2 protein chains.
Amino acid sequence: MTLNKTTEYALTILGFMATRNENMYSAEYLHNQLNIPRRYLRRLLTDMSKHGFLKSTSGRNGGFVFDRDLKEISLAMIINTIEGSDAIFTCILGFSCCIVDKPCIMHDSWMEARSKMVDTLSNTTLADLKEKYQLDLIRNLKLL
Amino acid sequence: MTLNKTTEYALTILGFMATRNENMYSAEYLHNQLNIPRRYLRRLLTDMSKHGFLKSTSGRNGGFVFDRDLKEISLAMIINTIEGSDAIFTCILGFSCCIVDKPCIMHDSWMEARSKMVDTLSNTTLADLKEKYQLDLIRNLKLL
DNA sequence: TGTAAATACTACAAAAAGGTAGTAATATAT
DNA sequence: ATATATTACTACCTTTTTGTAGTATTTACA
Ligand code: FES
Ligand code: FES
């Protein structure tokens with residue numbers, strides 16, 4: 001139901017980066033913008049680089065940029081990367097995973113609910129968020 | 001996405017108790033049936049009593065029974081009781097909760113997915129699980 | 001060439017979640 | 001009455017998650 005903090009941070013960071021138009025994001029800058037603990041955020045950023053979401057540049061004026069097309073990064077991928085690829089598919093009663101031939105009593109209720117959620121998270125990419133953000137911006141400007 | 005272990009245990013226990021027809025369940029019996037760590041399970045059972053789901057009887061031949069009609073207990077209630085009533089409603093980016101006038105960029109995607117899930121969990125009661133279990137039993141007997 | 005601004009690595013510390021131990025209290029059966 | 005089977009309470013231990021510290025490395029710029 002709840003994501004762990006690290007996953008929330010990852011979504012926050014990538015979501016933020018996807019919707020702005022800087023050409024480089026330093027850990028310090030992201031820390032100031034997002035209020036995520038400095039050192040923890042740094043570690044997370046290097047993790048994201050190792051996982052291929054970001055590309056890092058060391059040294060002065062260094063920082064992070066996306067290493068993939070935003071269309072290629074879904075929310076589900078981010079979550080899976082950090083929580084483990086099938087955290088999302090575990091049985092609600094904690095059986096290692098949902099087994100088709102021996103489902104638990106809650107399986108049916110749970111599957112129906114979950115599959116909707118998984119679909120949405122799989123089908124929403126960072127590019128979608130960017131688009132939405134731009135549209136929201138325009139809408140707000142027109143209201144002024 | 002994932003429930004914490006304690007919540008899984010709670011669902012397992014209440015789901016089990018709801019679908020069997022014993023008139024009393026001791027911690028020891030539940031431990032044997034469900035493989036949940038003895039002492040932790042005990043503590044959880046007394047918690048459930050305090051929260052009004054179960055009624056406990058001390059002493060020899062004691063144990064636990066439901067203190068409410070199964071129709072009155074939804075999966076969402078169980079989850080809320082243990083994870084905190086709005087764990088299910090938190091912002092996916094970790095903002096304290098989803099604020100209508102200042103939603104985060106992921107709010108729309110997330111709400112859509114989540115509301116389906118919340119609906120299902122709110123509308124499924126232990127009575128529903130019991131009914132399902134009985135039907136499954138009958139179906140299996142006929143297959144023999 | 002030296003200083004400053006950045007990431008990288010490793011180890012540790014603190015907090016939260018999960019799990020255990022000991023003992024007291026309660027009720028039943030013999 | 002006493003032994004036994006049960007829950008209740010409190011404190012502690014272990015593991016996982018979250019957060020911090022120190023130091024090395026890389027690169028730009030003056
Ligand atoms: S087997 Fe439990 S939810 Fe699928
Ligand atoms: S404000 Fe973030 S999901 Fe609603």
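From a predicted model like this one, the values you see are computed outputs, not experimental measurements. Excluded from the calculations below are hydrogen atoms, water molecules and symmetry mates; all remaining heavy atoms, backbone and side chain alike, are included. So that the names make sense, note that chain A is the first sequence line, chain B the second, and so on, each numbered from 1.
Sequence order on DNA chain D of the closest nucleotides to A:Tyr40 and B:Thr57 puts B:Thr57 first from the 5' end. Two residues, A:Ser49 and A:Asn61, neighbour DNA chain C, and the one matched to the more 5' nucleotide by heavy-atom proximity is A:Asn61.
Look at A:Tyr29 and you won't find any side-chain N or O under 4.0 angstrom from OP1 or OP2 of C:dA6. Contact annotation: A:Ser58 side-chain N/O to C:dA6 OP1/OP2 distance is not under 4.0 Å.
Listed nucleotides D:dT20, C:dA27, C:dT7 differ in distance to B:Arg60; the shortest reach to its side chain belongs to C:dA27. Taking the side chain of B:Pro37 as heavy atoms from C-beta on, and the options C:dT20, D:dT7, C:dT7, the nearest nucleotide is C:dT20.
Side-chain atoms of A:Arg43 and base atoms of C:dT7 include no donor and acceptor less than 3.5 Å apart. Evaluation of atom-type donor-acceptor distances gives a pair under 3.5 Å for the side chain of B:Arg39 against the base of C:dA21.
Distance NZ (A:Lys5) to C1' (D:dT17): 11 Å, rounded to an integer number of Å. Separating the CG atom of B:Leu44 from the P atom of C:dA17 is a distance of 15 Å, rounded to the nearest angstrom. In this structure, A:Glu8 places its CD atom 10 Å from P of D:dG19, rounding to the nearest Å. Whole-Å rounding puts the B:Asn4 CG to D:dT17 P distance at 12 Å.
Side-chain atoms of A:Arg68 do not come within 3.5 Å of backbone N or O of A:Ile73 as any donor-acceptor pair. Remark: the backbone N or O of A:Leu121 is not paired with any side-chain donor or acceptor of A:Thr124 at under 3.5 angstrom.
In this structure, a donor-acceptor pair under 3.5 Å is present between the side chains of A:Thr7 and A:Glu83.
The hydrophobic cluster containing B:Val118 also contains A:Met117, counting ILVMFWY residues as joined when their side-chain heavy atoms lie under 4.5 angstrom apart, directly or transitively.
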